[in-house]
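Here the structure comes first, spelled out in C-alpha cells, and everything after it is commentary.
By convention here, the first residue in the shown sequence is residue 1.
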Amino acid sequence: MAQTLYDKLWSSHVVHTEEDGTALLYIDRHLVHEVTSPQAFEGLRLANRKPWRVDSIVATADHNVPTDRAEQGIADPTSRAQVETLDANIRAFGALAYFPFRDKRQGIVHVIGPENGATLPGMTVVCGDSHTSTHGAFGCLAHGIGTSEVEHVMATQCLLQKKSKSMLIRVEGELGKGVSAKDIALHFIGVIGTAGGTGYAIEFGGSAIRGLSMEGRMTLCNMAIEGGARAGMVAVDDTTIDYLRGRPFSPRGDQWDRAVEYWRTLKSDEGAQFDRVVDIDARRILPQVTWGTSPEMVTDVRGQVPAPEDFADPVKREGVARALQYMGLTPRTPIDQIRIDKVFIGSCTNSRIEDLRAAARVVEGRRVADNVKLALVVPGSGLVKAQAEAEGLDKVFKAAGFEWREPGCSMCLAMNADRLEPGERCASTSNRNFEGRQGAGGRTHLVSPQMAAAAAIAGRFADVREIV
Ligand SMILES: CC(C)[C@H](C(=O)O)[C@@H](O)C(=O)O
Ligand code: SF4
C-alpha cells in the first residue's frame with residue numbers, strides 16, 4: 001500500500017504497539033536545553049539510572065543566556081542557576097556534543113542541531129521544547145516533549161506516542177518577490193487556524209515547498225506547532241542532501257552513500273492517502289503581519305485590522321475584541337499605519353544565515369527610524385554569527401542603527417534580559433505573539449525578517465516589495 005512519509009518514519013521506529021494504539025517509538029536524537037532538562041537529570045539521579053544512549057544527546061544553553069556583555073556572565077541568578085545546572089549535568093552524564101554558554105558553536109537548540117548535521121533524515125528527534133517540529137524539515141519525525149518525557153527518553157531511549165492523523169499542506173506555484181517561508185507559515189496558520197492541525201502530523205509539499213531552501217523549510221516546520229500539529233515535515237530531496245554534505249555529524253565515505261540511498265526513500269509514495277489535504281496557491285500569499293495575540297490573527301501588509309463584528313462566531317468575536325484591546329489597536333487601521341517601538345530579528349524561526357542576509361538586503365544603506373527605540377539582530381548560533389560577520393552583515397546592521405548581539409533565544413520570550421516594556425510594540429521574526437510573550441504588556445507582531453527590516457526603516461509596518 002502507498003505510504004505517506006509519516007507512515008514510513010513511524011513504522012521504522014515502532015518498538016511495540018498496545019491494543020489501544022499507543023506505541024513505543026525508538027528515539028534516535030535527543031536535543032537538550034537548560035529549561036526542561038534539570039528535573040529529568042534529577043529523576044535519573046534519584047533512580048540511580050544513566051542515559052540509555054549518551055551519544056544520542058546533543059545539548060546547548062539558549063533560553064537563559066544574555067545576548068550582550070556575555071563576557072560578564074549571567075547576571076540573573078535564576079538564569080545562571082539553570083545554565084550552570086546544565087553544565088553540571090552534562091559533565092556528570094555525558095553527551096555526543098555540548099555547546100555551552102560562550103562556546104563558538106553555542107546557539108538555539110533548533111539551529112545547532114541541523115547546522116552540525118546532528119539532525120539527519122529518517123531520524124526520530126525529540127527535545128523538551130515545542131518547536132522541535134523544526135527538524136521535520138529534514139524528513140525526520142520530530143516531536144516536542146515534556147520534562148517527564150525527557151527523563152523517560154533518557155532512561156529508555158523510547159517515547160510513548162499515539163499515531164496522529166496525516167495532513168498534506170500543498171503549496172503550488174512560485175512565491176512573489178519579498179515573500180518568504182515565514183509568510184507561507186503565517187498564511188497557512190491563518191487558513192487552518194491554531195487548532196486546525198490538532199491531532200495531525202503535517203507534511204508540507206508542492207512546488208513552492210520544493211523550491212524552498214532547507215532554512216526556509218525549517219522556518220515552515222518550526223511553525224507547524226503553532227498550527228496545532230504534533231509534527232511538521234518535508235520530504236527528502238537534493239536540497240536536503242546538499243545541505244547535509246560535510247556537516248560535522250553527517251555520515252562520511254561509504255556510510256554517506258548508503259545513507260543517501262535510504263534518505264531518498266523518505267517521501268510520500270505516489271497515491272498515498274492523507275486524512276486531510278489543504279491546497280494553497282503560493283502566488284496569492286503576500287507579506288504577512290499578525291495583528292492579534294495568536295498566530296492565526298494574521299493578515300497581509302495591504303490589509304487592515306479587523307473589527308470583532310467581522311466574525312460570526314461569538315467566541316471568536318470576543319477573542320478578537322480582547323486581542324485588539326491588548327494590542328492597543330483600532331478596527332480598520334491599515335496595517336501599514338501601525339507604528340512600532342522595537343524590532344527583533346532572531347529566534348529559532350528566523351535567525352539563520354539566509355534570514356540575516358534577507359534582512360540585511362533591506363537594511364543596506366538605510367537608517368532605523370527615529371521612533372524605533374531598539375532594533376536587535378540576534379544570530380541563531382555562534383556559527384551563524386561568524387558566517388554573517390565574514391560576509392560583513394554585522395556592519396550593514398550596525399551602520400543602520402541595529403544592535404548586533406550574541407546567539408540565544410533572546411527577545412523571543414521574556415526569559416532573559418531582552419524584553420519589551422509594557423505597551424511597547426514590536427515587529428518580531430519569532431513564532432508566538434501571546435500576551436506577555438516578549439515581556440509583560442508587550443505587543444508582538446509576527447513577520448518575516450524582510451518585513452521586520454522594512455518596519456525598522458519605516459518606523460511602521462511597510463510593504464517590503466516597495467523597498468527592495
Ligand atoms: C521553554 C520552552 C519549554 C518553550 C517551548 O517548549 O516551546 C520555549 O522554547 C517556547 O518557545 O515557548
Ligand atoms: S527561540 Fe523562542 S521559540 Fe525557539 S526555542 Fe527559543 S524561546 Fe522557544
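Considering only heavy atoms from C-beta on, Trp404 comes within 4.5 Å of Lys385 through its side chain. You'll find the side chain of Gln450 stays beyond 4.5 Å of the side chain of Lys177, heavy atoms only. Residues Arg302 and Arg465 are in side-chain contact: their nearest non-hydrogen atoms beyond the backbone lie under 4.5 Å apart. Within the 4.5 Å cutoff, no side-chain heavy atoms of Ser381 are placed close to those of Thr60. Within the 4.5 Å cutoff, side-chain heavy atoms of Leu212 are placed close to those of Ile184. Counting heavy atoms from C-beta on, the side chains of Met411 and Val378 never come closer than 4.5 Å. For the pair Thr240/Met214, a side-chain contact is recorded, criterion being any heavy-atom separation below 4.5 Å from C-beta on. At a threshold of 4.5 Å between non-hydrogen side-chain atoms, the residues Val289 and Val298 do not count as touching.
When all heavy atoms of Ala452 and Val343 are compared, the pair lying nearest together is O-CG1, 3.7 Å. The two residues Ile345 and Asn350 come nearest to each other via the heavy atoms CG2-O, 4.4 Å. When every heavy atom of Pro306 is checked against every heavy atom of Phe311, the shortest pair comes out as CB-CE1, 3.9 Å.
Although no hydrogens or angles enter the test, the distance criterion places no donor-acceptor pair under 3.5 Å between the side chain of Asn116 and the main chain of Ala118. No donor-acceptor pair closer than 3.5 Å links the side chain of Glu406 to the backbone N or O of Ala70. Distance alone, capped at 3.5 Å, places no donor-acceptor pair between the Lys342 side chain and the Lys373 backbone. The backbone N or O of Ile340 sits less than 3.5 Å from a side-chain atom of Asn371, completing a donor-acceptor pair. The main-chain N or O of Thr85 is found under 3.5 Å from a side-chain atom of Asn89 such that the two form a donor-acceptor pair. Side-chain atoms of Arg105 never come within 3.5 Å of backbone atoms of Leu383 as a donor-acceptor pair (strictly under, hydrogens ignored). Not one N or O on the side chain of Thr293 forms a donor-acceptor pair closer than 3.5 Å with the backbone of Ala323. A distance-only check finds no donor-acceptor pair linking the side chain of His143 to the backbone of Ile145 [under 3.5 Å]. Looking at Thr124, its side chain does come within 3.5 Å of a backbone N or O of Tyr26 through a donor-acceptor pair. When atom types are taken as modelled, the side chain of Ser166 and the backbone of Asp275 share a donor-acceptor pair closer than 3.5 angstrom.
Asn416 contributes atom CG, which lies 10.0 Å from atom CG of Asp68 (distance to the nearest 0.5 angstrom). Atom-to-atom distance recorded for His131:NE2 and Met223:CE is 7.0 Å, nearest 0.5 angstrom. The distance from the OG1 atom of Thr290 to the CE atom of Met327 is 6.0 Å, given to the nearest 0.5 Å. Rounding to the nearest 0.5 angstrom, the gap separating the NE2 atom in His445 from the CZ atom in Arg425 is 4.0 Å. Put simply, CZ on Phe344 and CG on Leu446 are 11.0 Å apart, with the number rounded to the nearest 0.5 Å. Distance check, rounded to the nearest 0.5 Å: SG of Cys348 to CD1 of Ile112 gives 12.0 Å.
For the residue pair Gln157 / His30, no side-chain donor-acceptor distance below 3.5 Å is found, with atom types taken as modelled. Side chains of Thr194 and Glu296: a donor on one and an acceptor on the other come within 3.5 Å. In this structure, a donor-acceptor pair under 3.5 Å is present between the side chains of Thr4 and Asp7. Side chain to side chain, Thr444 and Asn433 fail the donor-acceptor criterion of an N or O pair below 3.5 Å. Remark: the Arg352 side chain and the Ser213 side chain contain no N/O donor-acceptor pair separated by less than 3.5 Å. Defined by atom type and a distance below 3.5 Å, a donor-acceptor pair is missing between the side-chain atoms of Asp62 and His110.
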TODO: Start with the C-alpha gap between Arg357 and Glu215, add the side-chain angles, then the distance that decides, and say whether salt bridge (charged side-chain N to carboxylate O under 4.0 Å, His left out) holds.
DONE: CA-CA 12 Å; Arg357 283 181 193 140; Glu215 304 205 345; over 6 Å; no
Open item on the list: Walk me through whether Met415 and Cys409 qualify under side-chain contact (heavy atoms from CB on, under 4.5 Å).
Closed with: CA-CA 8 Å; Met415 223 181 239; Cys409 292; over 6 Å; no
Open item on the list: Could you go through Asp129 and Thr132, starting from their C-alpha distance and side-chain angles, then the distance that decides it, and tell me whether this counts as side-chain hydrogen bond (donor to acceptor under 3.5 Å, both in side chains)?
Closed with: CA-CA 6 Å; Asp129 194 285; Thr132 309; 4.9 Å; no
- [ ] Please step through side-chain contact (heavy atoms from CB on, under 4.5 Å) for the pair Ile108 and Ser351, ending with a clear verdict.
- [x] CA-CA 9 Å; Ile108 305 171; Ser351 63; 4.0 Å; yes
TODO: Show the numbers, then the answer: is there a salt bridge (charged side-chain N to carboxylate O under 4.0 Å, His left out) between Asp238 and Arg210?
DONE: CA-CA 10 Å; Asp238 287 341; Arg210 299 260 70 83; over 6 Å; no
TODO: Would you sort out whether Tyr98 and Leu86 count as a side-chain contact (heavy atoms from CB on, under 4.5 Å), showing the intermediate values?
DONE: CA-CA 10 Å; Tyr98 179 41; Leu86 180 62; 3.7 Å; yes
TODO: May I have the step-by-step check of side-chain contact (heavy atoms from CB on, under 4.5 Å) for Tyr6 and Met233, ending in yes or no?
DONE: CA-CA 8 Å; Tyr6 178 54; Met233 64 200 96; 3.7 Å; yes
Open item on the list: Show, in sequence, the C-alpha distance, side-chain angles and deciding distance for Lys182 and Glu226, and conclude whether the salt bridge (charged side-chain N to carboxylate O under 4.0 Å, His left out) test is met.
Closed with: CA-CA 12 Å; Lys182 180 61 164 288; Glu226 305 307 331; over 6 Å; no
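Residues Asp310 and Arg332 are paired through a salt bridge, judged by an N-O separation under 4.0 Å between the basic side chain and the carboxylate. For Lys8 and Asp269, the salt-bridge test passes: some basic side-chain N is under 4.0 Å from an acidic carboxylate O.
Around the CD atom of Gln337, the shell of radius 6.0 Å holds more than 12 heavy atoms that belong to other residues, nucleotides or ligands. Heavy atoms of other residues, nucleotides or ligands lying less than 6.0 angstrom from NZ of Lys163 number more than 12.
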